[in-house]
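Here is the structure we will look at, set down as structure tokens.
Just so we're on the same page: letters track the sequence lines, and every chain starts at 1.
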There are 2 protein chains.
Amino acid sequence: MPTSKDVAQAAGVAQSTVSYVLSGKRPISEKTRKKVEAAIEQLTYQPNAGARALASRKTRVIGLVIPFIPELEMGSIMEFVSVIASTARQYDHDILLVTDDEGAAGLGRVVGQQICDGLILMQVEDEDERLPVARGLNVPVVLIGIPRDPSGLVCIDADFEMAGEHCVRDLAAAGHSVISVIDWQPAVMDRHVNYVDRFLHGTDVAAEALGVTVLHLPGGTDRATISESVDKALTSTTGKPAFIAPDRTIQDILRRILSSRGLTLGLDVSVIGSASPTLAELQPIPLSTIDLRPAEVSRRAVKIMCQLLDADSHGPHESLELVPTVITHRSSTLRPQ
Amino acid sequence: MPTSKDVAQAAGVAQSTVSYVLSGKRPISEKTRKKVEAAIEQLTYQPNAGARALASRKTRVIGLVIPFIPELEMGSIMEFVSVIASTARQYDHDILLVTDDEGAAGLGRVVGQQICDGLILMQVEDEDERLPVARGLNVPVVLIGIPRDPSGLVCIDADFEMAGEHCVRDLAAAGHSVISVIDWQPAVMDRHVNYVDRFLHGTDVAAEALGVTVLHLPGGTDRATISESVDKALTSTTGKPAFIAPDRTIQDILRRILSSRGLTLGLDVSVIGSASPTLAELQPIPLSTIDLRPAEVSRRAVKIMCQLLDADSHGPHESLELVPTVITHRSSTLRPQ
DNA sequence: GTGAATCATCGATGCGTATCGACGATGCTG
DNA sequence: CAGCATCGTCGATACGCATCGATGATTCAC
């Protein structure tokens with residue numbers, strides 16, 4: 001592997017000059033720059049990351065702490081990961097994976113060894129055990145999700161409250177006076193991620209404002225639980241029932257139950273779920289969805305991180321950013337009256 | 001951040017001694033070791049990764065090249081990623097994400113900058129454009145998937161041929177004489193991953209050996225295509241039909257179509273699909289599945305990589321490892337007669 | 001009790017880059 | 001044309017660790 005010294009020699013300049021050509025931190029004459037660039041090209045020189053990190057005290061690597069919960073929303077997590085990695089490259093950074101099975105100690109490790117300049121935490125829980133560690137690190141940390149106490153932390157997440165409000169508002173506009181919200185599956189509830197509460201709160205706020213009724217019903221990955229929830233919903237209204245089921249597994253079961261009772265989506269009953277556009281369109285009756293915009297959340301998380309890294313004022317930052325959600329009405333909801 | 005020099009000072013030894021305590025590459029007296037370890041503990045010293053990489057020429061980081069194909073098998077990819085990251089830690093390595101949207105150039109970058117010691121490529125296609133680049137790199141490369149020409153490369157994948165054979169064998173044993181294999185969805189077929197061919201070949205081999213008929217029918221993410229395939233299957237046998245549908249999206253559609261025709265899984269018709277155990281159990285009729293063992297494939301990929309890194313004989317390695325697949329019969333297949 | 005062999009530790013050096021101070025060359029002001 | 005600021009480049013040094021050769025301290029054999 002060629003080094004900057006080799007490049008310098010080939011270009012007939014000092015090593016430091018090569019460095020300045022690359023960084024642009026000192027003026028370089030056009031002539032010299034051309035020579036150096038030619039040498040770089042010819043030797044296919046690429047700076048050594050280790051040496052660069054050692055000298056500059058910047059690795060240009062961001063640690064991404066992913067949950068190690070097999071089976072739970074794998075696809076959804078991957079969408080974050082993929083977009084985060086891709087966006088990081090746009091800011092000339094790379095992503096190092098830190099799995100949660102190392103526990104909070106993993107954060108201390110990658111920061112302590114100075115493998116990365118900052119951390120993005122995914123799937124932040126209400127009382128996340130990683131937070132005390134995160135607060136003690138002298139590197140920027142960006143959370144995806146909002147803990148109970150976000151003080152002194154930089155958080156970003158989808159605006160679940162707006163999502164809840166929006167769902168209820170639209171269903172009310174379609175003529176529903178009683179709207180049933182099915183909880184996420186127990187495995188998610190047990191994780192104590194507060195987006196659930198924020199979402200439900202949003203539905204309550206809208207219900208109060210519009211004078212409609214919102215029922216909160218338990219979710220589950222077994223047919224029985226949801227079947228029971230559907231029963232409650234049906235007996236609670238004389239009009240056409242409406243369901244909001246943001247959990248993907250649950251919405252699948254819900255749809256089957258409704259159809260087995262002879263209820264046609266978009267005709268006898270409204271259902272708003274959550275799915276990627278492609279998946280939503282793929283359904284027998286295309287599903288109206290609330291888009292929680294994982295890609296946009298991911299992009300912004302990386303952007304915020306890179307801004308923090310550029311500023312590198314290591315003081316205690318604090319901010320909270322909510323990404324607007326978007327409802328797309330397909331065929332599973334009644335038309336607004 | 002404390003350095004090994006600080007530790008040396010605190011322990012009253014030379015910096016090199018600290019280094020030898022850590023690496024164990026030279027004998028150290030019990031007394032000295034204790035002193036150094038105490039100092040390390042007290043200062044919470046952690047070696048600087050950049051400096052270590054610079055001096056040792058090893059980063060202890062493995063690059064993981066993930067496909068940047070939104071929407072396609074996200075969940076499945078995440079299972080690989082998660083297990084790979086976690087396994088890498090067991091070998092005291094970390095994982096750097098390299099997204100495919102950088103193209104093959106991304107490989108050259110991370111290796112050229114010496115950010116990582118080796119590469120694991122996921123979703124390797126038949127004529128993968130990354131392969132020429134990979135062959136030219138002087139670092140170990142492990143492929144998950146098998147290209148058309150695997151010469152000079154280290155590959156690992158699930159044994160799709162065995163999977164196909166096994167599916168047909170079990171369905172034949174259950175009394176089916178005509179077995180329909182539904183292709184993967186077009187998006188997968190278009191990627192020219194040859195596991196499709198290997199799987200289909202396996203079904204043909206078994207069919208020939210057992211004297212049963214195997215039909216290859218087109219898959220699709222639209223109901224119409226699969227409906228048509230089902231028709232063909234039904235008219236091709238006087239006995240009870242059997243389906244093998246390894247694509248997850250397709251098996252969902254298939255099940256709906258069969259049930260809408262009044263066919264009960266495990267009674268009138270056999271279906272073997274592919275899904276995680278939890279998901280398979282969750283179905284109204286628990287799905288018999290062929291497990292392609294992504295976790296095991298991931299673990300072995302990392303293991304192979306770490307062995308190559310340890311050996312670090314940078315000669316041209318070549319190997320091909322196939323991971324046995326496992327069929328689990330639940331309720332969607334007829335009992336063997 | 002002398003020489004050789006082994007053991008434990010130290011000091012020095014190199015890895016490849018960023019960065020600082022210095023210095024000659026050039027341009028400008030009056 | 002003297003004096004001074006600016007520009008462009010160089011040399012030297014630091015970053016934190018691994019590693020090699022050297023050296024003093026022990027041990028052992030005879």
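- In this structure, the CG atom of B:L22 is 14 Å from the C1' atom of D:dT19, given to the nearest Å.
- Under the side chain to side chain contact (heavy atoms under 4.5 Å, CB included) criterion, A:R89 pairs with A:D92, A:D94, B:E102, B:R109, not counting sequence neighbours.
- Whole-Å rounding puts the A:D6 CG to C:dC15 C1' distance at 13 Å.
- Rounded to whole angstrom, the span from the CZ atom of B:R52 across to the P atom of D:dA18 amounts to 5 Å.
- Distance CD (A:Q114) to C1' (D:dC17): 12 Å, rounded to an integer number of Å.
- With sequence neighbours excluded, the residues satisfying side chain to side chain contact (heavy atoms under 4.5 Å, CB included) with A:E296 are A:R293, A:R299, A:R300, A:V323.
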Listing time: all N or O pairs from protein to nucleotides 4-6 of chain D that are below 3.5 Å?
none

Identify the pairs formed between an N or O of the protein and an N or O of nucleotides 19-21 of chain C at a distance under 3.5 Å, and give each distance.
| unit_1 | atom_1 | unit_2 | atom_2 | d |
| --- | --- | --- | --- | --- |
| C:dT19 | OP2 | A:K25 | NZ | 3.1 |
| C:dC20 | N4 | A:Y20 | OH | 2.7 |
| C:dG21 | N7 | A:R26 | NH2 | 3.3 |
| C:dG21 | O6 | A:R26 | NH1 | 2.2 |
| C:dG21 | O6 | A:R26 | NH2 | 3.3 |

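- Applying the side chain to side chain donor-acceptor pair (under 3.5 Å) criterion to B:T17, with sequence neighbours excluded, gives no partner residue.
- The side chain to side chain contact (heavy atoms under 4.5 Å, CB included) check on A:P147 picks up A:V124, A:L131, A:L143, A:P150, A:L153, A:C155, with sequence neighbours excluded.
- D:dG16 atom P lies 15 Å from atom NZ of A:K58, rounded to whole Å.
- Among the atoms of the strands shown, only primed sugar atoms or phosphate atoms (P, OP1, OP2) are found under 4.0 Å from some heavy atom of A:V13.
- Atom CZ of B:R60 is separated from atom P of D:dC17 by 16 Å (rounded to the nearest Å).
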Kindly list each side-chain donor-acceptor pair under 3.5 angstrom involving residues 19-31 of chain B, sequence neighbours excluded, with atom names and distances?
| unit_1 | atom_1 | unit_2 | atom_2 | d |
| --- | --- | --- | --- | --- |
| B:S23 | OG | B:S19 | O | 3.3 |
| B:S23 | OG | B:K25 | N | 3.3 |
| B:S29 | OG | B:T32 | N | 3.3 |
| B:S29 | OG | B:T32 | OG1 | 2.9 |

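- Scanning residues 33-41 of chain B for heavy-atom distances under 4.0 Å to DNA chain D yields an empty list.
- Among residues two or more places apart in sequence or in another chain, the side chain to side chain donor-acceptor pair (under 3.5 Å) test is passed with B:E41 by none.
- Here B:D149 pairs with B:S151 under the side chain to side chain donor-acceptor pair (under 3.5 Å) rule; sequence neighbours left out.
- Across the protein-nucleic acid pair, A:K5 atom NZ and C:dA18 atom P stand 16 Å apart, rounded to whole Å.
- The interatomic distance linking B:I115 (CD1) with C:dT17 (P) rounds to 13 Å, in whole Å.
- A search for side chain to side chain contact (heavy atoms under 4.5 Å, CB included) contacts involving B:D190 returns nothing, not counting sequence neighbours.
- Just one of A:V188, A:I146, A:L292 meets the side-chain contact (heavy atoms from CB on, under 4.5 Å) condition when paired with A:Y195; it is A:V188.
- Counting only residues at least two apart or on different chains, the side-chain hydrogen bond (donor to acceptor under 3.5 Å, both in side chains) pairs with a member in residues 125-134 of chain A are A:D100-A:R130, A:D126-A:R148, A:D126-A:N194, A:E127-A:R148, A:D128-A:R130.
- Looking at B:S56, its side chain does come within 3.5 Å of a backbone N or O of B:R52 through a donor-acceptor pair.
- The phosphate of D:dG16 (OP1 or OP2) has a side-chain N or O of A:R57 nearer than 4.0 angstrom.
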